[in-house]
There are 4 protein chains.
Amino acid sequence: MAVAGQRRRRKEERPGEIVEAAFEEFARSGFMATKLDDVAARAGITKGTIYLYFPSKEDLFLATMHEMSRPSREHLAALTAAPQGSAMAILRTHFAFEYAQMVEDRRTREIIRMLLAEVSRFPDLADRWRAEVIGPEVEALRRVVRYGVERGEFRPSAAEQFPHLLFAPVIMACTWRLMFGDDHALDGSAYLDGHLDLLERGLMFGSRPNPSPSAGEGAPRSGAGEGTTLPEGARP
Amino acid sequence: MAVAGQRRRRKEERPGEIVEAAFEEFARSGFMATKLDDVAARAGITKGTIYLYFPSKEDLFLATMHEMSRPSREHLAALTAAPQGSAMAILRTHFAFEYAQMVEDRRTREIIRMLLAEVSRFPDLADRWRAEVIGPEVEALRRVVRYGVERGEFRPSAAEQFPHLLFAPVIMACTWRLMFGDDHALDGSAYLDGHLDLLERGLMFGSRPNPSPSAGEGAPRSGAGEGTTLPEGARP
Amino acid sequence: MAVAGQRRRRKEERPGEIVEAAFEEFARSGFMATKLDDVAARAGITKGTIYLYFPSKEDLFLATMHEMSRPSREHLAALTAAPQGSAMAILRTHFAFEYAQMVEDRRTREIIRMLLAEVSRFPDLADRWRAEVIGPEVEALRRVVRYGVERGEFRPSAAEQFPHLLFAPVIMACTWRLMFGDDHALDGSAYLDGHLDLLERGLMFGSRPNPSPSAGEGAPRSGAGEGTTLPEGARP
Amino acid sequence: MAVAGQRRRRKEERPGEIVEAAFEEFARSGFMATKLDDVAARAGITKGTIYLYFPSKEDLFLATMHEMSRPSREHLAALTAAPQGSAMAILRTHFAFEYAQMVEDRRTREIIRMLLAEVSRFPDLADRWRAEVIGPEVEALRRVVRYGVERGEFRPSAAEQFPHLLFAPVIMACTWRLMFGDDHALDGSAYLDGHLDLLERGLMFGSRPNPSPSAGEGAPRSGAGEGTTLPEGARP
DNA sequence: AATGAATGAGCCTTCATTCAT
DNA sequence: CATGAATGAAGGCTCATTCAT
C-alpha cells in the first residue's frame, strides 16, 4: 500500500520533475543546445521516460515555459483590482513586487532570456506572453497612471501613452543581470529606491527646464544644501 | 589587370560577406541552430569557403559579434568628450543617438539578443561588451549627471549612482521590439519624447509633495530622502 | 526471461562484435581509410551504435588492437617458465609456436602490420607491444640461449646479445606474407625446419671457411641433398 | 639569361622536390593521412602546383615510391654479377650492403613501412617490389648459396630453398627500428657481426652431438658426424 | 609555370526519437 | 511505468581537386 502510494505519487510528480530539470537545462544552454540526456539525468530518469510525458523536445520546452511562467501570470490578478489610495503608493507596491519577480527571481529572469532567444523558433510564446502577462501589466499600469492624473496626483505625461517607461528600470535590471551575471547585479534596494525616486520627483529641480542654460558654468548652483530644497524663485 | 583587381577585391570582401550572412543567420536562429550551409548559401558561396576565412563556427560567431558591434564601440568616442552646455541637452542628444542605435538599428538589437542568449556559451562576449561598450557608456552618463548637478541643473539623485535608470527606457524599447517584433515596436519619436520628458520633469507636477487631495496613507512622501517604504514582503 | 537473457547477452556481445568487425576493416584499410560506416555494416548495426560502446574512432582502434593482441600477450606465460631439458628442444617448441602465431595466424600478422603502419599516430601502441610482448619474448629467448651455453649445448655467440637473430626468420615470414599475400607465403613446415636446422647446425660444413675454393665447381656436392644428414662418403 | 637558367633548372627540379617532400609526409603519416597541403608547404610551393606534375595524390604516391626505391633497384646489378672468390665473402659484402641500405638508411626503411601499410590500396606496388627488388635478391642469394655448396664451402641446407632465412636478420632489424624507433635500434656493427657469425658457424659448437653432460632426451641431436668440430682454441 | 580561391563530396560525431523488453 | 539499446538524419569540418588569373 505504501509502495503503491509512493508509485502513484511518483507518477503524478514525474512531469513536474521533468519540467523542473528541463528548465534548468534550457535556461543554461538554450533550446537547441540542451540535450534530453542531460534533462533526464538531472531528473534522475532515463531519456525514454521523458517521452512518456512529452511527445517531443519542443513540447517539453513549451510546457516548461508555460509552467515556469505561471507565477508571473497568477500575479497579474492582484494588479487588476480597482485602484485605491495614492497612485504613487500603488506604483511603489507594484514595482517592489515586479522587482522581486523579474530581477531577483532567477526563474523569471531566465524565462525572459529564453523568450528573447527563442522567439523565432516559438513565435507563439512571445505572443502569449504579451497577451497574458506583459500586455495586461502595461494596461494596469496605464490605469494607475490615469487614476493618478485624475485624482490630481500626477501631471499628464507620456506615461499614459507609454507605461513602459515606468516599467523600464525593472527590465533594465533584469537584462543587466542576465547579461553580466549575479556578480554584477544592479540589485539591492538602492536601485529600486532610485527608480521610485525618479518616478516621483523627476530628475530636475524644478517643474520646467532651467531657463538659463546659457549661464553655462556660471549657472547658479544650489547651495550647500544638497538638493532637495530649491531656490524660492524656482517655485511658483 | 582589372580582372586581377576583381580577384583581389573578391578576396578582401569575402570575410565581410560571410560575416554579413552569418549575422543574419545567427540573429535568426541563434548560435546552435544556425547551419553553416545556410550561412554559405546566403553568402552565395559553399560551406568549405567559410573555413578559408574562419577556423570554426565559434570563431565565425565571435568575429560576427565583434564586427557587428563595431558601430556601438566607435560611437563611444563622441560620448567621452568633455561636456559642454546644458546637461539636459547632452542627454537629449545622447539618448536620441542611443535610441537610433539600440532600438531602431536592427543590428544592434540583434547583438543584444545574441549576447543575452549565448552568454553561457561565450562568457567573454558579455564581459567585453561590458568593459568596452556598456560600462564606458554608464560612466559617461554618470559624468553628465554629475556635471548637471555641479552646474545646478540637476538635483542630486540616485541617477548618479545608477545612471542605468536613465538608460532603462532604451533597453526597454530594445527588448520589447526584440521580443514582440517590429509590428509591436514602441518606437516613434513619441516614446523618446516621453522618455526625455520624464527625465526632465519627472513623473509628477512639482518637486514638492502634492497636497494630496485624499490625504491618507496614500499621500506621496516628500523627497526628504531615504526613500520609499516598501511592503515588508518585497524586500530582500 | 529467456528474451531478457537474449537482450542482455546481446548487450554483452556487442562490443566484441564491433571490435571484430573493426579489426577486419582496420586491417584491410588502415586507420584513416577505415569508415565507421563500413565497420557498422560489417557488424550488422548502424554507425551510431558504435558510439554506445566506444567514444571515438581512435578508442575503437586502440580497443581493437588491445583485444586482438590478447593471445600474443597471454602466450608469454608459457615462455617464462624455468627451462628444462635441452635448450634446442625448447627453441624448437618455441619457434613452432611462434611460427603458428605470427605467421600462420592472420590476426597476429595484421596486428604487426597495423603497429608498423600507425606508429606515428599511436606511439603508445608500439611502446606497449615492446614492453608487454616482444621485450619479454626477447628476454626469454636470451635466457634459453644462456641456459644452453651453461649446459654446454650452445657455444657462446652473439645470440646472447641479440636473441633477435634467432627470431628473425619468423619476422621475415610474417612480413613476407603481409607484403606479398598468402599466395606467396613462405610457410609450410619446410621453412620452419630450415630455420631450426640453420639454428642448430649453422650454414657451413666446417668450423672455418673451406680452405680450397680453388676446387670450384668440382667441390664435392652432398648427395641427395635434402635433409640434414649427409652421406658418409661426403665427409672426410 | 641567368634568370632563365634558374627557371629552367627550377622547372626540371620541381618534380624531384615534390617527390622529396611527399616522401617525408607519406612516411610520417601514411597515404590517407597525408595532406597535399603539407606536401606543398614542405616543398615550398602551393597545392595547385603539385597537380602540374602529378595527376592525383595516388600518382604522386606511386611516383614517390618508385623514385625512393630506385637505389634498391639499382644496387641489384652488383649482386647479379658472376660470383667470384669465397661464397662467405660474397655474403659478407652483400649483407653489409643490405644492412646499410635496409636498416640504416631511413628512406629504405620507410619504403618498407609504406609497402606493408598500403598493400591493399596499391597491390601493384608490392608486386613490382617483389618482381624487381626482393625477388631478384632472393635469387641472387640462392645462387651464392649454391655456388658455396658447389665449391664445397657450404653444406647443403634449406638455405638453398629459402635464402630468406639468410636475409631475415636484416628484415628483423629493419622492422624493429620501424616499430620501436631509432632509440631502440638494433644497429651497430655488433648485430651485423653476430648475424654473419651465425651464418658462418651456426649456433652450436659442433656438428656432432655434444657429449651431453646431462644426457637424456635433451641431448643435442647429432648431425651425421660430419666433422664440424672445431679446435677449442678457435672459439671465442 | 604557378597561384590560391573555391568547390563539394565525404566522414566523424551527435542526439532526438523509437521500441522491444 | 520505465528502461536503454538502437536508429538515422543531420551538421561541423576536412581535403583532394579544379580553374580563373
Side-chain angles (χ1 to χ4, degrees), chain A residues 7-8 10-11 14 32-40 44-60, chain B residues 1-8 10-12 14 32-40 43-58 60, chain C residues 1-8 10-12 14 32-40 43-58 60, chain D residues 7-8 10-12 14 31-40 44-60:
Chain A
R7 282 258 173 98
R8 189 187 316 275
R10 195 84 192 165
K11 173 181 170 187
R14 267 286 139 77
M32 272 297 288
T34 289
K35 300 179 239 183
L36 290 191
D37 269 316
D38 292 344
V39 172
I45 56 176
T46 61
K47 198 164 41 169
T49 304
I50 294 175
Y51 284 84
L52 295 177
Y53 299 95
F54 303 94
S56 76
K57 190 186 182 186
E58 293 207 350
D59 286 280
L60 174 60
Chain B
M1 194 68 176
V3 186
Q6 278 292 2
R7 258 297 196 189
R8 188 187 316 273
R10 195 95 194 139
K11 162 80 186 289
E12 283 158 4
R14 267 286 136 76
M32 273 296 291
T34 291
K35 295 178 258 186
L36 290 191
D37 271 315
D38 292 344
V39 173
I45 56 177
T46 62
K47 198 165 38 171
T49 303
I50 295 175
Y51 284 87
L52 293 178
Y53 300 95
F54 302 95
S56 74
K57 191 186 181 186
E58 291 207 353
L60 174 59
Chain C
M1 196 66 179
V3 186
Q6 279 290 2
R7 256 295 193 191
R8 189 185 316 270
R10 195 94 195 140
K11 162 80 186 288
E12 282 158 5
R14 268 286 135 75
M32 273 296 291
T34 290
K35 295 178 257 185
L36 291 191
D37 269 315
D38 292 344
V39 173
I45 56 179
T46 61
K47 201 165 34 171
T49 303
I50 295 174
Y51 284 86
L52 294 178
Y53 300 95
F54 303 94
S56 73
K57 191 185 181 186
E58 291 207 353
L60 174 60
Chain D
R7 282 259 175 97
R8 188 186 317 274
R10 196 84 192 164
K11 174 179 170 188
E12 282 158 6
R14 266 288 139 76
F31 176 78
M32 273 295 290
T34 290
K35 299 178 241 183
L36 291 190
D37 269 316
D38 292 344
V39 172
I45 55 176
T46 62
K47 199 163 39 170
T49 304
I50 296 176
Y51 284 85
L52 294 178
Y53 298 95
F54 303 94
S56 74
K57 190 186 182 186
E58 293 207 351
D59 286 280
L60 174 59

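Every chain is numbered from 1 and lettered A, B, ... according to where its sequence line falls, protein lines coming before strand lines.
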Intra- and inter-strand pairs of DNA chain E in dot-bracket (Watson-Crick or G-U wobble, both distances under 3.5 Å; | for another strand)
.||||||||||||||||||||
Could you please spell out the steps behind the side-chain contact (heavy atoms from CB on, under 4.5 Å) verdict for A:R14 and A:L52?
CA-CA 10 Å; A:R14 267 286 139 77; A:L52 295 177; over 6 Å; no
B:F54 CZ to F:dG12 C1', straight-line distance once rounded to whole Å:
16 Å
Nearest-Å distance, CD1 (D:I50) to C1' (E:dG4)?
13 Å
Just the rounded figure in Å: distance from P of E:dC15 to CD of A:E58.
17 Å
Could you run through nucleotides 7-12 of chain E and give me one letter per nucleotide, 5' to 3': B if any protein heavy atom sits under 4.0 Å from the base, S if only the sugar-phosphate is that close, - if neither?
BB-BSB
Which atom of B:T34 lies closest to which atom of B:K57, heavy atoms considered
O-NZ, 2.8 Å
Verdict with supporting geometry, D:E58 and D:F31, side-chain contact (heavy atoms from CB on, under 4.5 Å):
CA-CA 8 Å; D:E58 293 207 351; D:F31 176 78; 3.7 Å; yes
Of all heavy-atom pairs linking B:I50 and B:L36, the shortest is CD1-O, 3.6 Å
Using whole Å, what does the distance between atom C1' of nucleotide E:dG4 and atom CD of B:E12 come to?
14 Å
Can you tell me if D:Y53 touches the phosphate of E:dA2, counting only side-chain N or O atoms and a distance under 4.0 Å to OP1 or OP2?
yes
Partners passing ring-ring contact (aromatic ring centres under 6.0 Å, His included) against C:Y51 (at least two apart in sequence or in another chain)
none
Do you know which of D:V39, D:D38, D:D37 makes side chain to side chain contact (heavy atoms under 4.5 Å, CB included) with D:K47?
D:D37
